[in-house]
Amino acid sequence: CNLQIFLAWQYTAEGQITGTVAGYCGGGNFINEPFYATYKNGELSSLIIDMTDVVSQEEVSFFDDVPEAFEGFPPPGRYVE
């Protein structure tokens with residue numbers, strides 16, 4: 001797989017990071033995975049990607065649980081040219 005990755009983030013509030021991991025894999029499939037993270041005292045306390053908080057392993061509803069952080073973001077998924 002010829003993988004090309006793009007990572008962008010911004011600090012949206014004290015202790016919060018919002019961003020996306022995106023890229024191409026193989027025959028032109030574009031993959032976009034927005035993420036939302038919280039941290040305290042330099043420790044990651046939550047990292048929500050897709051439908052999982054990978055820190056707590058809890059299932060979440062991505063856009064319902066952190067909607068204000070993702071206004072205007074395209075939904076997670078795969079896009080084929």
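Along the sequence shown, residues carry numbers from 1. None of the values given here were measured: they were computed from a predicted structure.
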Just how far is it from atom [atom1] of [X] to atom [atom2] of [Y], taken to the nearest 0.5 Å?
{"X": "Q10", "Y": "Q16", "atom1": "CD", "atom2": "CD", "value": "11.0 Å"}
{"X": "L7", "Y": "E33", "atom1": "CG", "atom2": "CD", "value": "12.5 Å"}
{"X": "M51", "Y": "E58", "atom1": "CE", "atom2": "CD", "value": "13.0 Å"}
{"X": "Y36", "Y": "D53", "atom1": "OH", "atom2": "CG", "value": "10.5 Å"}
{"X": "Y11", "Y": "Y39", "atom1": "OH", "atom2": "OH", "value": "5.5 Å"}

Which pair of non-hydrogen atoms, one from I48 and one from S46, has the smallest distance, and what is that distance?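 Heavy atoms only, the tightest pair is CG1-OG, 3.7 Å.
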
Should we count CD of E43 as having more than 12 external heavy atoms under 6.0 Å?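 No - once you tally the heavy atoms of other residues, nucleotides and ligands closer than 6.0 Å, there are 12 at most.
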
If you count the non-hydrogen atoms of other residues, nucleotides and ligands that lie under 6.0 Å from CD in Q4, is the total more than 12?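 More than 12 heavy atoms, drawn from other residues, nucleotides or ligands, come within 6.0 Å of this atom.
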
T18 side chain vs T12 backbone, donor-acceptor pair below 3.5 Å: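 No; judged by distance alone, with no hydrogens or angles, the pair does not exist.
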
Tell me, please, which residues at least two apart from L47 pass side chain to side chain contact (heavy atoms under 4.5 Å, CB included).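 Expected list: F35, A37, L44, I49, V54, V55.
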
Listed by chain and number, what are the side chain to side chain donor-acceptor pair (under 3.5 Å) partners of T52, not counting sequence neighbours?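 Applying side chain to side chain donor-acceptor pair (under 3.5 Å) to T52 gives none.
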
Test item: V21 and I5 side chains (from C-beta on) under 4.5 Å apart, heavy atoms: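 Yes - at least one pair of side-chain heavy atoms lies under 4.5 Å apart.
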
